[in-house]
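Order of appearance sets the numbers: ligands from 1, and atoms from 1 within every ligand.
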Amino acid sequence: MMTALGLMSGTSMDGIDAALIETDGEGTVEMGPTVELAYNEEERSLLRQALADAVAMKRRNERPGALVAAERLITRKHADVVSDFLKAHDLSPDDIDVIGFHGQTVLHRPQERLTVQLGDGQALADSLGIQTVYDMRAADVAEGGQGAPLVPVYHQALVQAAKLAGPVAVLNLGGVGNVSYIARGRDPIAFDTGPANALIDDLMMERTGIALDQDGRQALAGRVDETVLGQLMAHSYFGEAPPKSLDRNAFSREAVAGLSTPDAVATLAAFTARSAAAARQWLPAEPKLWIVCGGGARNPAILNFLRAETGVPVRTADEFGWSASMMEAQAFAYLAVRSLKDLPLTFPSSTGVRKALTGGILAVPGQKRVSA
Ligand SMILES: Nc1ncnc2c1ncn2[C@@H]1O[C@H](COP(=O)(O)OP(=O)(O)OP(=O)(O)O)[C@@H](O)[C@H]1O
Ligand SMILES: CC(=O)N[C@H]1[C@@H]2OC[C@@H](O2)[C@@H](O)[C@@H]1O[C@H](C)C(=O)O
């Protein structure tokens, strides 16, 4: 068993989640304390600028425009989260065997073998004195995989430990949605389903200056425009067979521009649910249960739409004693341990990589940098 601290800064760009787990990187996971640190408005706008500037990137080590400043911010803020976490729980760096550091995705174009996660793993390891596994998507993409989703192997460990009768669909609703289909005796089938909260957040930011629909209030007050929803669902992504994955900004909210804020948000929330439910067409059997995690698990409008679309029970991760909001941070802790043990992170059925593959770069404190 190892003590691992996972750090995630997701596509919603709302902040950093940190979660401690004890795990063997296989069937055993014990969940420990967690902490989250929100980005302030100035930091968010730097990250938004970094996403815009990343569009021009051709090679993953380039850092045009705001990307240098954004990477510095990401690394420093992650170091702060860990220091605060250690202090709050009276821990020392020696108590942590490994950090799993996801970084901030600013660009994801697997078809060009390009996926970019900002964050200097070596600098983080040096400043904290804790070995750090980072850049966990790169090896998969270099081998022809999508580089996402990576969490399915963690979803599988939880579903198996809970002895749930499958098949189970675990749905993460962050900025982007991704599903893991977990059934006995097979590797997880997984892919990105469509938008989750990113379109809702962007629309809310534009119209109200607050980047979320708190507790789904706008969506619950609005009416879904079925014509507009049909236009949104006509996107070619939904007709593509997996493996497939998405950039945060793959979808446009243009189609809802003419609607009132409640109707626009309701329609986008329904879009999230309908596109997630449409994942079933690529699964070998109908899931008996959907378990929702990520910030979308706190949006009752999305959960209601998902119940209507799937017709089977939809529960949140918290109802199983897991953590909807910390699932990904825990997953990156788990993946770091798997990386140290040379166990696979990705599978042909999750990213389309040719064969099950480990990944991640190990930064040991004080180690000399090897240029890529
Ligand atoms: N109480 C809430 N009500 C409605 N929506 C919420 C609530 N809490 C969080 N969210 C939504 O969840 C989002 C954050 O989700 P999460 O932290 O899972 O995303 P992420 O990890 O950044 O993204 P990804 O999984 O795509 O990398 C917020 O941007 C917001 O839209
Ligand atoms: C490139 C990238 O960062 N993708 C994220 C994003 O956010 C959700 C979805 O798209 C998922 O595929 C992935 O994150 C989770 C943590 C994953 O890799 O499993």
Side-chain angles (χ1 to χ4, degrees), residues 6-17 19 36 38-39 44 47 51 54 60 100 102-110 114-119 135-138 140-141 145-156 170-180 188 190-205 210-220 242-251 265 268-269 272 276 292-303 316-317 323-332 334-335 345-346 350-351 359:
L7 305 175
M8 179 65 182
S9 181
T11 57
S12 294
M13 302 190 295
D14 52 346
I16 300 170
D17 297 331
E36 53 193 309
Y39 293 120
R44 280 184 202 204
L47 295 180
L51 252 70
R60 68 192 312 269
H102 175 270
Q104 177 66 51
T105 298
V106 289
L107 186 73
H108 186 62
R109 276 192 209 135
L114 193 58
T115 187
V116 184
Q117 284 71 45
L118 293 186
D135 215 359
M136 289 190 237
R137 302 188 190 275
D140 185 84
V141 169
Q146 292 286 315
L150 299 187
V151 294
V153 72
Y154 182 64
H155 291 158
Q156 181 176 50
V170 183
L171 179 66
N172 169 50
L173 296 176
V176 169
N178 59 284
V179 71
S180 304
F191 51 93
D192 288 352
T193 54
N197 296 295
L199 291 178
I200 296 172
D201 290 354
D202 293 350
L203 183 107
M204 286 295 294
M205 185 68 196
I210 295 167
L212 93 161
D213 178 21
Q214 185 72 43
D215 304 330
R217 274 181 222 141
Q218 294 279 352
L220 291 170
K244 54 181 180 174
S245 62
L246 286 163
D247 185 82
R248 180 195 190 276
N249 293 335
F251 295 92
V265 178
L268 291 176
T272 296
V292 183
C293 53
R298 295 206 287 232
N299 185 326
I302 297 180
L303 296 179
T316 68
S323 171
S325 55
M326 289 293 161
M327 180 76 85
E328 289 184 342
Q330 292 169 345
F332 283 97
Y334 180 79
L335 292 169
L345 308 190
T346 53
S350 63
T351 64

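Close approach of ligand 1 to G175 is summarised as follows: ligand atoms under 4.0 Å from at least one heavy atom of the residue are 19 (O), 23 (O), 24 (P), 26 (O). Close contacts between ligand 1 and Q214 involve ligand atoms 1 (N), 3 (N) [criterion: under 4.0 Å to a heavy atom]. Residue-ligand proximity, H108 to ligand 2, at heavy-atom distances under 4.0 Å covers atoms 1 (C). Close approach of ligand 1 to V176 (heavy-atom distance below 4.0 Å) involves ligand atoms 26 (O). For ligand 1, the atoms lying closer than 4.0 Å to a non-hydrogen atom of G294 are 18 (O). Each of the atoms 28 (C), 29 (O), 30 (C), 31 (O) of ligand 1 lies under 4.0 Å from some heavy atom of D201. Contact atoms of ligand 1 toward D213: 3 (N), 4 (C), 5 (N) (distance under 4.0 Å to a heavy atom of the residue). Counting the atoms of ligand 1 from 1 in the order shown, those under 4.0 Å from a heavy atom of M8 are 27 (O). With ligand atoms numbered from 1 in the order given, ligand 2 contributes 12 (O) to contacts under 4.0 Å with heavy atoms of A148.
Scanning all protein heavy atoms for the shortest distance to atom 16 (C) of ligand 2 gives E328 OE2, 3.2 Å. For atom 7 (C) of ligand 1, the closest non-hydrogen atom of the protein is L212 CD1, 3.6 Å. The shortest contact between atom 16 (P) of ligand 1 and any protein heavy atom is with G295 N, 3.6 Å. The closest protein non-hydrogen atom to atom 24 (P) of ligand 1 is T11 OG1, 3.3 Å. Looking at atom 6 (C) of ligand 2, its nearest protein heavy atom turns out to be T11 CG2, 3.7 Å. For atom 13 (C) of ligand 2, the closest non-hydrogen atom on the protein side is R137 NH2, 3.6 Å. Atom 8 (C) of ligand 2 has as its closest protein heavy atom N178 OD1, 3.3 Å. The nearest heavy-atom contact from the protein to atom 25 (O) of ligand 1 is E328 OE2, 2.6 Å. Regarding atom 17 (C) of ligand 2, its nearest protein heavy-atom neighbour is L150 N, 3.2 Å. For atom 3 (O) of ligand 2, the closest non-hydrogen atom on the protein side is T105 OG1, 2.6 Å.
The shortest N/O to N/O separation between V151 and ligand 2 falls below 3.5 Å. Polar contact check, S12 against ligand 1: a nitrogen or oxygen pair lies under 3.5 Å apart.
Each of Q146, H102, H108 was checked for a side-chain hydrogen bond (donor to acceptor under 3.5 Å, both in side chains) with R137, and the lone residue meeting it is H102.
Side-chain contact between V170 and C293 is present, with heavy atoms from C-beta onward closer than 4.5 Å. Looking at V265 and M204, their side chains come closer than 4.5 Å, going by heavy atoms from C-beta outward. Inter-residue side-chain proximity for L51 and M13 is flagged as met; some heavy-atom pair is nearer than 4.5 Å. For the pair S9/I16, a side-chain contact is recorded, criterion being any heavy-atom separation below 4.5 Å from C-beta on. Counting heavy atoms from C-beta on, the side chains of L220 and P300 come closer than 4.5 Å. Taking the side chain as every heavy atom from C-beta outward, Q117 and D135 approach each other to under 4.5 Å. Side-chain contact between I200 and I302 is present, with heavy atoms from C-beta onward closer than 4.5 Å.
In this structure a side-chain-to-backbone donor-acceptor pair under 3.5 Å is missing from D17 to E36. Within the 3.5 Å criterion, the main-chain N or O of E328 finds no donor-acceptor partner in the side chain of N172. Side chain of N197 to main chain of L173: a donor-acceptor pair is present (N/O by atom type, distance under 3.5 Å, no hydrogens or angles). Remark: side-chain polar atoms of R60 are paired, donor with acceptor, to backbone N or O of T115 under 3.5 angstrom.
For the pair D215 and ligand 1, a heavy-atom separation below 4.0 Å is found.
Of the N and O atoms on the side chains of Y154 and S180, not one donor lies less than 3.5 Å from an acceptor on the other residue. Between the side chains of D140 and T346, at least one donor-acceptor pair of N or O atoms lies under 3.5 Å.
Residue-level proximity to ligand 2 for F332 is carried by the side chain, the only part with a heavy atom below 4.0 angstrom. With a 4.0 Å heavy-atom cut-off, ligand 1 is reached by the side chain of D14 but not by its N, CA, C or O. Contacts between N178 and ligand 1, counted as non-hydrogen atom pairs separated by less than 4.0 Å, are absent for every part of the residue.
The minimum heavy-atom distance linking D192 with L246 is given by the pair OD2-N, 2.8 Å.
Proximity annotation for atom 11 (C) of ligand 2: of V153, V176, L107, D192, D192 comes nearest, heavy atoms only. For atom 8 (N) of ligand 1, the choice among M205, R298, H102 with the nearest heavy atom turns out to be R298.
D201 and R248 are not joined by a salt bridge, as no carboxylate oxygen comes within less than 4.0 angstrom of a charged side-chain nitrogen.
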